[in-house]
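Accompanying notes for the structure given below.
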Amino acid sequence: MSENPYSTAVLAWYEAHARDLPWRAPDASPWSILVSEIMLQQTPVVRVLPAWRAWMERWPTPAHLAKEPSGEAVRMWNRLGYPRRALRLHACAVAITEQHDGRVPDDHAALLALPGVGAYTAAAVASFAYGQRHAILDTNVRRVLARAETGIQYPPKTQTKAETALAESLLPPEPSVAARWGVAVMELGALVCTARTPACADCPIAHECAWKAAGRPAHDGPPRRGQTYEGTDRQVRGRLLAVLRGSAHPVAKDALDAVWDDGVQRERALDALVSDGLVDPLDDGRYALPGYS
């Protein structure tokens, strides 16, 4: 294991600049941390905060959520985006309730076995909820390490074994410090070493950054295209789900047809929602959120 040349500066920066987020509070429950990690995937903090607070007020434990239909999780997800995450959280709640006596497991392998929980989420929950020592590689961490260590503007599109090995080599030996390092370098990427406008003048490790030392060379890989939304199937899916979320009862097909003029695209989006388990077609021709058929 190589020595981490950044940890002292990054941890000191985090102590002074970390955002005050409720899932980082000393008394935050492991369940609240798991919920935050699922919500924060591909979604900025400013949008997650109100959704997380509403979710935790309604379902403060996995057992509270597990006893409700999965459609209620989809309804509560509202416009947070990528609503299959709501189904994953509901499935997690059921598994935690039935297999772990309602307690989010502290074992990394058990976390990884939960429905929809991948390598990043398992490592994050084990670290942030239980103070364990695991390499945490989200988009922000990968970008910081790519710039500081590799001297490139952006990491590869797909995570590599080399990135994982680097992250593991930089873990401080003490588990509690390693857990804090994980959230600190993540915060550095979110607030300073950002994708488009990195604030190198504010960076605590700028003098050790290989990318800055090389003159901040531009990305020379495949073009990085931003995601579009207007006119896409994602937008149509969102409108269809909005109709179902807004109704306490199953809805007739014509209520869904009214949300989008392009019939071919609308039917494709509806079929995708059914295939993803987000919408149930009923025998009488109406449609409902899952768990109400």
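Values below: all heavy atoms of this structure, side chains included; hydrogens, waters and symmetry mates excluded.
- Although no hydrogens or angles enter the test, the distance criterion places a donor-acceptor pair under 3.5 Å between the side chain of Arg142 and the main chain of Pro156.
- Using modelled atom types, one side-chain atom of Asp262 and one backbone atom of Val264 make a donor-acceptor pair closer than 3.5 Å.
- Residues Trp13 and Val185 have side chains not in contact (no heavy-atom distance under 4.5 Å, counting atoms from C-beta outward).
- Annotation: side chain of Trp23 is in contact with side chain of Leu40 (closest heavy-atom distance under 4.5 Å).
- The main-chain N or O of Trp260 is found under 3.5 Å from a side-chain atom of Arg266 such that the two form a donor-acceptor pair.
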Please step through side chain to side chain contact (heavy atoms under 4.5 Å, CB included) for the pair Tyr130 and Val104, ending with a clear verdict. CA-CA 10 Å; Tyr130 295 113; Val104 175; 4.0 Å; yes
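- Note that CG of Leu87 is 4.5 Å distant from CG of Leu278, once rounded to the nearest 0.5 Å.
- No donor-acceptor pair closer than 3.5 Å links the side chain of Ser275 to the backbone N or O of Ala272.
- The backbone N or O of Tyr229 lies less than 3.5 Å from a partner atom in the side chain of Thr232, making a donor-acceptor pair.
- With Tyr82 as the aromatic partner, Arg88 does not meet the cation-pi criteria of under 6.0 angstrom to the ring centre and within 45 degrees of the ring axis.
- Two residues are said to be in side-chain contact when any heavy atoms from C-beta on lie closer than 4.5 Å; Gln99 and Pro105 fail this criterion.
- The two atoms that bring Gly291 and Asp280 nearest to each other are N-OD2, 3.3 Å, heavy atoms only.
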Take Trp31 and Leu89 through the test side chain to side chain contact (heavy atoms under 4.5 Å, CB included) and record every step on the way to the result. CA-CA 10 Å; Trp31 169 242; Leu89 263 176; 4.1 Å; yes
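- Under the 4.5 Å side-chain heavy-atom criterion for ILVMFWY residues, a single connected hydrophobic cluster contains both Leu191 and Phe128.
- Counting heavy atoms from C-beta on, the side chains of Leu241 and Leu289 come closer than 4.5 Å.
- Side-chain contact check for Val177 versus Ser7: every heavy-atom pair is 4.5 Å or farther apart.
- At least one donor-acceptor pair under 3.5 Å links the side chain of Ser247 to the backbone N or O of His249.
- Ring centroid separation for the pair Trp55 and Trp77 comes in under the 6.0 Å cut-off.
- For Ser32 (side chain) and Ser29 (main-chain N/O), a donor-acceptor pair under 3.5 Å exists by modelled atom type.
- Electrostatic pairing of Glu187 and Arg24 counts as a salt bridge here, judged by a charged N lying under 4.0 Å from a carboxylate O.
- Of all non-hydrogen atoms in Asp202 and Val192, the two that sit nearest each other are C-CG1, 4.1 Å.
- Note that SG of Cys209 and CD of Glu149 are 9.5 Å apart. Values are rounded to the nearest 0.5 Å.
- The distance from the SG atom of Cys92 to the NE2 atom of His90 is 11.0 Å, given to the nearest 0.5 Å.
- Minimum interatomic distance between Val117 and Ala122 (heavy atoms only, all atoms of both residues): CG1-N, 3.7 Å.
- Between the CG atom of Leu137 and the OG1 atom of Thr160 there is a distance of 9.0 Å, given to the nearest 0.5 Å.
- A salt bridge between Arg103 and Asp101 is absent, with no side-chain N of the basic residue lying under 4.0 Å from a carboxylate O of the acidic one.
- When all heavy atoms of Glu168 and Ala135 are compared, the pair lying nearest together is CG-CB, 3.6 Å.
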Show your reasoning for whether side chain to side chain contact (heavy atoms under 4.5 Å, CB included) applies to Val35 and Trp59. CA-CA 10 Å; Val35 171; Trp59 298 311; over 6 Å; no
Checking Ile205 against Leu188 for the side chain to side chain contact (heavy atoms under 4.5 Å, CB included) test, could you report, in this order, the C-alpha distance in whole Å, the side-chain angles of both residues, the deciding distance, and whether it holds? CA-CA 10 Å; Ile205 59 172; Leu188 183 66; 4.2 Å; yes
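- Ring pair His134/His108 is parallel by interplanar angle, where below 30° counts as parallel and above 60° as perpendicular.
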Given side chain to side chain donor-acceptor pair (under 3.5 Å), test Tyr120 with Glu37 step by step and report yes or no. CA-CA 9 Å; Tyr120 163 76; Glu37 288 300 333; 2.7 Å; yes
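- With respect to the salt-bridge test (charged N to carboxylate O, under 4.0 angstrom), the residues Asp233 and Arg237 do not qualify.
- The hydrophobic clustering, which links ILVMFWY residues whose side-chain heavy atoms are closer than 4.5 Å, places Ile38 and Leu49 together.
- Under the 3.5 Å distance criterion, the side-chain polar atoms of Arg75 are matched with a main-chain donor or acceptor of Arg245.
- Between Ile96 atom CD1 and Leu114 atom CG the span is 5.0 Å, to the nearest 0.5 Å.
- Using cut-offs of 30° and 60° for the angle between ring planes, the Trp181 and Tyr6 rings count as parallel.
- Interatomic distance, Asp254 CG to Arg286 CZ, rounded to the nearest 0.5 Å: 12.0 Å.
- More than 12 heavy-atom neighbours from other residues, nucleotides or ligands sit within 6.0 angstrom of CZ on Arg47.
- A salt bridge is defined here as a Lys NZ or Arg NE, NH1 or NH2 lying under 4.0 Å from an Asp or Glu carboxylate O, and Arg133 with Glu174 fails to meet this definition.
- Shown here for Gln153 and Pro217, the closest heavy-atom pair between the two residues is CB-O, 3.9 Å.
- Neither Val10 nor Trp211 shares a network with the other; the hydrophobic side chains, linked directly or stepwise wherever heavy atoms of I, L, V, M, F, W or Y lie under 4.5 Å apart, form separate groups for each.
- Side chains of Leu244 and Val279 form a contact here, defined as non-hydrogen atoms less than 4.5 Å apart.
- Taking the side chain as every heavy atom from C-beta outward, Leu256 and Leu270 approach each other to under 4.5 Å.
- Side chain of Asp138 to backbone of Asn140: a donor-acceptor contact under 3.5 angstrom is found.
- When the side chains of ILVMFWY residues are joined at heavy-atom separations under 4.5 Å, either directly or via intervening members, Leu112 and Val125 end up in two distinct hydrophobic clusters.
- Looking at Arg239 and Val243, their side chains never come closer than 4.5 Å, going by heavy atoms from C-beta outward.
- Between the side chain of Arg143 and the backbone N or O of Cys193, at least one donor-acceptor pair lies under 3.5 Å.
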Tell me, with the steps shown, if Thr121 and Gln41 meet side chain to side chain donor-acceptor pair (under 3.5 Å). CA-CA 9 Å; Thr121 303; Gln41 294 168 7; 3.1 Å; yes
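- In the hydrophobic cluster analysis, where Ile, Leu, Val, Met, Phe, Trp and Tyr join through side-chain heavy atoms closer than 4.5 angstrom, Val236 is grouped together with Val251.
- Within a 6.0 Å radius of CZ in Arg79, no more than 12 heavy atoms belonging to other residues, nucleotides or ligands are found.
- Here the closest non-hydrogen pair linking Arg147 and Thr194 is NH1-O, 2.8 Å.
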